[in-house]
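Here's the structure we're looking at; comments come further down.
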2 protein chains.
Amino acid sequence: MEETDILIGKWRTQSRKGFLDLCVLVLLAGKGPSYGLDMMESLNGAGLGVSEGTLYPLLMRMTREESLAASWTTPDSGHPRKYYRITGQGGYLLSGMKTEYEKNAAAYRRLEGGTR
Amino acid sequence: MEETDILIGKWRTQSRKGFLDLCVLVLLAGKGPSYGLDMMESLNGAGLGVSEGTLYPLLMRMTREESLAASWTTPDSGHPRKYYRITGQGGYLLSGMKTEYEKNAAAYRRLEGGTR
DNA sequence: CATTATATCTTGCATTGCATAATATAATAT
DNA sequence: ATATTATATTATGCAATGCAAGATATAATG
């Protein structure tokens, strides 16, 4: 069904709202500081399809909110990169997000669980 | 942290986008036709906190898109109720959503899985 | 010096969640 | 009768994010 594929595409966009924040925090918490394009590779490698137009505004927003902190580094050879790391507030936020995420997943399983 | 709780609240709203569609479809697929307030009870019983202002517009949208179908019923005693049931397209959509949901969950686990 | 690759930033649209308020009708109370 | 409460649905407007598309800047390469 063609109509339905459009609906799924739109839904996909909506269902990623917020989820990408969680993924970025989890990523940085796990691998340590990183920069935009490198994070894109990691996220895409994990199975998410993220583009610059999605990731960069997200990183800037989270930095503005102080869940991330950024600093430029100019390597001996190569381009200047903006490295992001997770802040204390970011860690607290990540913990809250994980709780919510699990709560929703549990609710979903309950709903799926049965005719009752 | 007070600041952070505000962020979590905002994130919570965002992270539910799309997810509620999935929950409604799963619910109707499991329990059969139902109406607004009854579905609200089911969803809240499962652990989601959903209000009328969230659920009704959602139901109307999904009906407009023909993932749900609605029909009024006037019981012998009580108020007229608008019953919703899942359509063929709704079933196809649900299947697609489940696939996406699992794909994202898998990506999340991979990201969480390690320092690599 | 032009071209390509790396890296980040900007703009505008489409979409949904939710608070708030409105509408309508059946049941109940005074 | 008629006012009040409970049930049930609809309408409006704001805030927020994902993403496509394009712009900007600089290092490396031909």
Side-chain angles (χ1 to χ4, degrees), chain A residues 6-25 33-44 48-65 67-68 70-84 97 100 104, chain B residues 6-25 33-44 48-65 67-68 70-84 97 100 104:
Chain A
I6 295 175
L7 287 179
I8 293 182
K10 287 185 181 176
W11 180 82
R12 184 173 175 277
T13 294
Q14 293 303 320
S15 69
R16 285 162 61 124
K17 288 182 191 285
F19 183 65
L20 295 179
D21 296 35
L22 173 57
C23 288
V24 163
L25 286 177
S34 179
Y35 65 99
L37 286 190
D38 186 50
M39 298 177 70
M40 249 187 67
E41 268 186 36
S42 297
L43 294 170
N44 291 335
L48 304 165
V50 184
S51 70
E52 296 93 332
T54 297
L55 185 59
Y56 283 113
L58 185 158
L59 293 172
M60 292 166 69
R61 191 188 80 236
M62 294 185 81
T63 304
R64 192 176 62 239
E65 292 167 354
S67 302
L68 301 181
S71 54
W72 284 97
T73 69
T74 308
D76 293 348
S77 122
H79 289 254
R81 293 168 176 169
K82 201 172 183 176
Y83 272 80
Y84 292 90
M97 286 179 178
E100 267 292 313
N104 283 341
Chain B
I6 295 175
L7 287 180
I8 293 182
K10 286 184 181 177
W11 179 82
R12 184 174 175 276
T13 294
Q14 293 303 320
S15 70
R16 286 163 59 127
K17 288 182 190 287
F19 183 65
L20 296 180
D21 296 36
L22 172 57
C23 289
V24 163
L25 286 178
S34 180
Y35 65 99
L37 287 189
D38 186 51
M39 297 177 70
M40 249 186 67
E41 270 186 33
S42 297
L43 294 170
N44 291 336
L48 305 166
V50 183
S51 69
E52 295 94 330
T54 297
L55 185 60
Y56 282 112
L58 185 158
L59 293 173
M60 292 167 69
R61 191 188 81 234
M62 294 184 81
T63 304
R64 192 177 61 239
E65 292 168 352
S67 302
L68 302 181
S71 54
W72 284 98
T73 69
T74 308
D76 294 349
S77 124
H79 288 254
R81 294 166 175 171
K82 200 173 184 177
Y83 272 80
Y84 292 91
M97 286 178 177
E100 267 291 313
N104 282 341

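All chains are named by letter (A, B, ...) in the order of the sequence lines, taking the proteins before the strands, and each is independently numbered beginning at 1. As a basis for the values below, the full set of heavy atoms in this structure was taken, side chains included, without hydrogen atoms, waters or symmetry mates. For clarity, every value in this text was computed on a predicted model and none was experimentally measured.
With sequence neighbours excluded, no residue forms a side-chain hydrogen bond (donor to acceptor under 3.5 Å, both in side chains) with A/S15. Partners of A/P57 under the side chain to side chain contact (heavy atoms under 4.5 Å, CB included) rule, at least two apart in sequence or in another chain, do not exist in this structure. Remark: B/E52 pairs with B/L37, B/M40, B/Y56 by the side chain to side chain contact (heavy atoms under 4.5 Å, CB included) rule, at least two apart or across chains. In this structure, the side-chain hydrogen bond (donor to acceptor under 3.5 Å, both in side chains) partners of B/D38, at least two apart in sequence or on a different chain, are B/K31, B/S34. When the side chain to side chain contact (heavy atoms under 4.5 Å, CB included) test is applied to B/T63, the partners found at least two apart in sequence or on another chain are B/L68, B/A70, B/Y84.
Nucleic acid contact class of B/W72 (heavy atoms, under 4.0 Å, all strands): sugar-phosphate only. Here A/L20 lies in heavy-atom contact (under 4.0 Å) with sugar-phosphate atoms only.
Look at CZ on A/R64: it is 10 Å from P on D/dA16, rounded to the nearest Å. Atoms CE (A/M40) and P (C/dT8) sit 11 Å apart, rounded to a whole Å. Rounded to an integer number of Å, the gap from A/M62 CE to C/dC9 P is 15 Å. Computed from coordinates, the A/L55 CG to C/dA7 P distance equals 13 Å when rounded to whole Å. Atom CZ of B/R81 is separated from atom P of C/dA26 by 13 Å (rounded to the nearest Å). Remark: C1' of C/dG17 and CG of B/L48 are 13 Å apart, rounded to the nearest angstrom. Between B/L58 atom CG and D/dT10 atom P the separation is 13 Å, expressed in whole Å. Atoms OH (B/Y35) and P (D/dA6) sit 16 Å apart, rounded to a whole Å.
With C/dT8, C/dT10, C/dG17 as the candidates, the nucleotide lying closest to the side chain of A/M60 is C/dT10.
Atoms CG and OG1, on A/L59 and A/T54 in that order, are 11.0 Å from each other to the nearest 0.5 Å.
Between the side chain of A/N44 and the backbone N or O of A/V50 there is at least one donor-acceptor pair closer than 3.5 Å.
Taking side-chain N and O atoms only, B/R12 has no distance below 4.0 Å to OP1 or OP2 of C/dG17. A close approach under 4.0 Å does not occur between any side-chain nitrogen or oxygen of B/K82 and OP1 or OP2 of D/dT9. Considering only side-chain N and O atoms, A/R61 lies nowhere under 4.0 angstrom from the phosphate OP1 or OP2 of D/dA16. Using a 4.0 Å cut-off, some side-chain N or O of B/Y56 falls inside it from OP1 or OP2 of D/dT9.
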(request) Let me have a per-nucleotide readout for nucleotides 20-30 of chain D, 5' to 3', with B, S or -, counting only protein heavy atoms under 4.0 Å. (result) BB----BBS--
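Judged by closest nucleotide on DNA chain D, B/G36 is the one of A/K17 and B/G36 placed further toward the 5' end.
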